**Student:** 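To start, I am sharing the structure in question, which I have written as structure tokens.
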Amino acid sequence: MTTPKPGELARTYEPNKIEGPWYDRWFDAGYFTPTINESKKPFVVIMPPPNVTGELHMGHALFVAVEDILSRWHRMHGTPTLWLPGADHAGIAGQWVVERELATKGMTRQELGRELFLDHVWEWMDRYRSRILSQLRTLGASCDWTRFHFTMDPGPSRAVRTAFKRLYDKGLIYRGERLINWCPRCMTALSDLEVDHEDVVGSIWTLRYPIADSDEFIEVATTRPETMLGDTAVAVHPDDERYKHLIGRFAILPIVGRQLPIVADAAVDPAFGTGAVKVTPAHDPNDFEIGQRHSLPAINVMNLDGTMNDEAGPFAGQTTQEARVNVVARLEADGFLVEVHEHTHPVGHCQRCGTIVEPMISKQWFIEMQPLAEPAIAVANDGTVRFVPERFKGTYLHWMENIHDWCISRQLWWGHRIPVWYCDCGEIVVTDQETVESCPKCGGHTLTQDPDVLDTWFSSGLWTFSTLGWPDETEDLRYFYPGSVMETGYDILFFWVARMIFFGIEFMGEAPFHTVYLHGTVRDELGQRMSKTKGNVIDPTVITQAFGSDALRFTLITAGAPGADMKLSEQRVESNRNFGTKIWNATRFVLRGLEPASIARDADGTPLAPTRADTTLADRWILSKLETLTADVDDLIANFQLGEAGRRIYEFLWSEYCDWYIESTKVVLNGDDEAKQAAARQTLVYVLERSLRLLHPFMPFLTEELWQHLPHAGDSIMVAPWPDADQGNIDLVAVAEYEFMMDAVRAVRNARAESAVEAGTWISAMIYPGSHLTTIQSLEPVFSLLARIGKGRFEYRDEQLEAPKAVVTLVIDDAIIYLPLAGMVDLDAERERMTKEIEQTEEEIARTGQLLANDNFTSRAPAEVVERQRER
RNA sequence: GGGCGAUUAGCUCAGUUGGUUAGAGCGCCACGUUGACAUCGUGGAGGUCACUAGUUCGAGUCUAGUAUCGCCCACCA
């Protein structure tokens with residue numbers, strides 16, 4: 001049995017004083033250390049890393065909140081928990097941050113050199129790691145940070161090579177000359193996902209190409225005239241009557257003079273533009289495919305830095321923008337330009353630097369997606385992987401079903417090196433080892449590794465098992481895979497979540513988690529995305545310092561619904577801090593004059609519910625409410641309705657426990673009925689102790705501190721069991737009767753306020769109790785206190801008053817309360833109020849009557865609904 | 001071009017199987033420091049649940065359409 005923490009609870013609630021120390025104690029006690037318990041399935045969350053600069057933003061506070069609530073709830077249910085936290089973005093972020101640093105120093109990456117560059121990244125990564133850990137702690141994350149990995153760490157690194165090799169051996173990874181997205185500034189290939197499309201107002205030029213050996217022309221349209229230098233064909237629809245006679249003949253490319261075959265291809269839409277398309281396989285994805293189908297040459301007219309190359313003839317060395325102007329001018333001068341229109345069309349921009357992305361032919365590594373996508377589609381369809389909220393399932397499926405092969409090589413300086421070595425003899429060696437000593441074919445030692453690195457999401461996709469020791473069959477891997485919940489923002493659904501799913505299935509045989517919980521974006525008060533450049537970022541640590549991480553967490557959880565964007569205001573956090581203060585003070589009330597030894601407890605030391613014989617209506621009412629709450633909250637959390645669960649606890653503690661129950665007990669505690677006093681104390685402690693356990697996942701620090709001061713069992717609320725709802729405590733009669741009294745109290749208070757009775761004045765009441773005589777009599781002392789009706793000034797009547805004068809008449813159910821507020825009553829106001837009330841009552845009677853008169857209603861509505869109406 | 005979401009009180013938002021009189025926080029008005037709490041209490045004002053039609057005994061909730069805002073996806077030259 002644990003004794004309550006000695007000493008009085010501090011007078012004021014100061015989050016900063018309890019949060020740090022509690023975190024340390026929990027950590028030292030090993031509560032965050034994952035354990036293997038063969039009889040229980042573990043709860044495993046996948047945690048995204050804090051962002052690239054190592055600074056925390058609200059999104060992280062949000063996912064920590066969700067994951068920590070779920071973890072603590074599971075832990076209280078006796079389930080072993082594990083977080084897989086990782087700094088995975090570091091792969092790409094390292095490069096990004098260092099480049100930004102260089103930019104501020106006026107240096108380019110090339111000037112710094114590769115070796116120094118990599119040193120910089122490592123140095124930065126170390127700082128990053130320690131900063132993240134302290135931030136997680138600030139947010140109250142109950143995870144074991146000794147497991148904190150980067151994908152660049154040796155374990156995950158080896159997993160990356162192994163995964164690459166297995167996919168390669170299976171024929172799913174291939175290297176090929178394909179049209180890819182190229183960022184001329186970053187000088188690297190990009191995957192489709194890393195290209196943002198943005199509508200740009202540009203022009204569409206109609207050109208005419210002469211037909212060889214004829215006076216005819218064929219008209220084609222383009223939005224990028226400079227690429228015409230790389231044209232290798234003109235395509236028309238095979239059934240297009242206008243051009244049928246030209247198929248198989250040649251057009252002459254202006255300026256260059258190249259002969260372009262006129263080919264027929266069904267991809268051409270005869271209704272769009274002129275119905276004829278110039279084909280530039282090297283610089284347009286659509287044209288690339290036409291080129292493949294017709295074996296057309298692809299002529300690359302650009303350099304990697306986005307300037308025109310020698311293929312561009314007179315325009316070589318110009319930027320694409322310059323070349324565009326000059327090409328158009330030349331075409332116009334030569335009479336090949338037909339017309340120009342303004343035209344808005346989407347243009348791809350590099351996600352990281354905003355530069356216009358050029359489609360280019362390049363030799364890159366790809367993953368063939370079809371075989372990986374199919375099972376990943378199946379697990380979503382059959383419910384093996386569930387999405388919260390559900391609508392994201394559609395988004396996910398749509399993407400998976402239309403997926404293209406994934407370009408995984410990047411020409412960056414930081415990342416996992418592609419584990420492929422080239423021998424002088426022409427042999428290509430794909431390996432899961434760090435280095436290759438000699439060529440397996442010729443035995444030579446002059447091997448060079450592919451200079452490219454992998455897309456950072458390749459290693460991220462392996463996260464769920466690479467951190468557990470894969471490819472070794474470790475204990476951790478066996479027990480903790482698959483995980484449970486992936487919690488993240490919907491913005492990386494494709495980048496990360498989707499890839500974890502298909503890699504999980506591919507390498508582990510089953511999906512890495514059963515639930516994907518997606519939260520919305522946290523926005524500022526104006527609804528804008530928080531961003532550094534806008535300067536509207538609210539730093540969670542600043543909020544945490546002011547109001548505590550409990551308040552921040554509670555706000556993030558209760559302010560919105562899953563998957564919905566949320567505007568965060570400081571004011572709201574402040575109100576939730578006030579909620580903490582409220583509970584703090586309620587606990588002080590409970591502790592005042594409490595003899596811990598007199599509280600009945602079970603064998604473990606947990607406070608028991610009071611003995612029923614001694615309880616008052618109020619006790620039975622709050623006990624009933626607590627049990628209902630307990631069951632509801634458990635259910636809501638199990639269904640990921642965390643916000644609703646939090647709001648219910650808030651409502652219970654503040655409105656029911658504090659505003660009504662505590663007030664009710666004051667009468668008993670100040671009275672002289674010792675049995676009732678003991679029952680009230682028992683109830684106060686029992687309800688509060690259990691409520692704190694319900695609230696613990698939402699406000700871990702506050703609840704721990706208060707719980708320690710109450711009689712309780714065990715060392716920490718964090719490992720205390722989640723309360724079981726005890727249906728035996730539910731007393732529906734008590735609920736109905738107590739709520740009748742609440743109505744009566746509200747009515748009297750209202751009447752007093754309207755009649756401007758001084759708050760301190762004690763008044764009298766004449767009561768026609770109807771069916772509530774026992775209730776009113778037993779609650780008379782409480783009623784007296786709450787409604788400020790003088791003791792001994794209750795006058796019970798057997799009959800209703802006839803034509804009462806100078807009294808305020810209150811009807812509550814079938815009872816009537818008359819308040820002789822003579823001299824205090826504003827007659828006109830009272831008349832107005834009564835008139836309004838009569839109107840409302842009449843309306844209601846009419847409505848109810850109508851409903852009951854309606855055969856359809858009485859025959860079709862469920863009996864209990866009809867019954868409810870009849871009662872009125 | 002396709003898909004999705006939002007629209008509820010002055011503001012920010014809850015409201016998951018359709019069911020009494022639609023809720024909260026903040027703000028506003030009035031009163032109040034009575035021994036847990038002014039980081040508070042009590043009472044009050046404030047809503048045609050965007051619009052239209054439908055299904056139903058009954059719709060904020062389900063269906064279809066309209067409007068406005070927002071997001072995602074997309075190789076139409």
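Proteins come first, then strands; the chains are lettered A, B, ... in the order of their sequence lines, and each starts at number 1. All values below were derived from every heavy atom in this structure, side-chain atoms included, with hydrogens, water molecules and symmetry-related copies excluded. Being a predicted model, the structure only gives us computed values, none of them experimental.
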**Student:** Going by side chain to side chain contact (heavy atoms under 4.5 Å, CB included), name the residues that satisfy it together with A/Asn402, two or more places apart in sequence or in a different chain.
**Tutor:**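 A/Asn402: side chain to side chain contact (heavy atoms under 4.5 Å, CB included) contacts with A/His398.
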
**Student:** What residues in residues 278-292 of chain A put a non-hydrogen atom under 4.0 Å from any atom of RNA chain B?
**Tutor:**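 Those residues whose heavy atoms fall under 4.0 Å from RNA chain B, taken from residues 278-292 of chain A in numerical order, are A/Asn286.
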
**Student:** What pairs with A/Glu14 under salt bridge (charged side-chain N to carboxylate O under 4.0 Å, His left out), at least two apart in sequence or on another chain?
**Tutor:**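 Result, salt bridge (charged side-chain N to carboxylate O under 4.0 Å, His left out) vs A/Glu14: A/Lys17.
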
**Student:** Tell me, which stems hold RNA chain B, with a stem being 3 or more Watson-Crick or G-U pairs in a row and both distances under 3.5 Å?
**Tutor:**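 Detected stem regions: B:1-7 with B:67-73, B:10-13 with B:23-26, B:28-32 with B:40-44, B:50-54 with B:62-66.
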
**Student:** With the criterion being N/O to N/O and under 3.5 Å, what pairs connect the protein with nucleotides 34-36 of chain B, and how long is each?
**Tutor:**
unit_1	atom_1	unit_2	atom_2	d
B/rA36	OP1	A/Lys666	NZ	3.1
B/rA36	O2'	A/Arg588	NH1	3.0
B/rA36	N7	A/Lys666	NZ	3.4
B/rA36	N6	A/Cys658	O	3.4
B/rA36	N6	A/Glu663	OE2	3.2
B/rA36	N3	A/Asn585	O	3.2
B/rA36	N3	A/Ala586	N	3.2

**Student:** With sequence neighbours excluded, what pairs up with A/Ala564 under the side chain to side chain contact (heavy atoms under 4.5 Å, CB included) test?
**Tutor:**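 Residues passing side chain to side chain contact (heavy atoms under 4.5 Å, CB included) with A/Ala564: none at all.
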
**Student:** Listing request: all salt bridge (Lys or Arg N to Asp or Glu O under 4.0 Å) pairs with a residue in residues 636-647 of chain A, at least two apart in sequence or in separate chains.
**Tutor:**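 For residues 636-647 of chain A, and leaving out neighbouring residues, the salt bridge (Lys or Arg N to Asp or Glu O under 4.0 Å) pairs sorted by first residue read A/Glu644-A/Arg647, A/Glu644-A/Arg648.
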
**Student:** In this structure, how many angstroms lie between the P atom of B/rA14 and the CG atom of A/Leu636, rounded?
**Tutor:**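 To the nearest whole Å, that distance equals 16 Å.
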
**Student:** Sequence neighbours left out, what passes side chain to side chain contact (heavy atoms under 4.5 Å, CB included) with A/Glu342? Give chain and number order.
**Tutor:**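 Side chain to side chain contact (heavy atoms under 4.5 Å, CB included) list for A/Glu342, sorted by chain: A/Val201.
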
**Student:** Please tabulate the protein-to-nucleotide N/O contacts below 3.5 Å involving nucleotides 23-26 of chain B, giving atom names and distances.
**Tutor:**
unit_1	atom_1	unit_2	atom_2	d
B/rG25	O2'	A/Ser575	OG	3.1
B/rC26	O2'	A/Gln571	OE1	2.7
B/rC26	O2'	A/Gln571	NE2	3.1

**Student:** Just jot down the side chain to side chain contact (heavy atoms under 4.5 Å, CB included) partners of A/Trp762, sequence neighbours excluded, or say none.
**Tutor:**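 Partners of A/Trp762 under the side chain to side chain contact (heavy atoms under 4.5 Å, CB included) test: A/Ser784, A/Arg788, A/Arg793.
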
**Student:** Using the P atom as the point on both nucleotides, what is the distance between B/rU8 and B/rC69, in whole Å?
**Tutor:**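 Comparing P positions in B/rC69 and B/rU8 gives a spacing of 15 Å.
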
**Student:** Listing time: all N or O pairs from protein to nucleotides 1-5 of chain B that are below 3.5 Å?
**Tutor:**
none

**Student:** Could you pull out all residues at least two apart from A/Glu739 that satisfy salt bridge (charged side-chain N to carboxylate O under 4.0 Å, His left out)?
**Tutor:**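 Counting only residues at least two positions away or on another chain, A/Glu739 forms a salt bridge (charged side-chain N to carboxylate O under 4.0 Å, His left out) with A/Lys625.
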
**Student:** Rounded to the nearest angstrom, tell me the gap between atom CZ in A/Arg577 and atom P in B/rA38.
**Tutor:**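 Whole-Å distance recorded here is 12 Å.
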
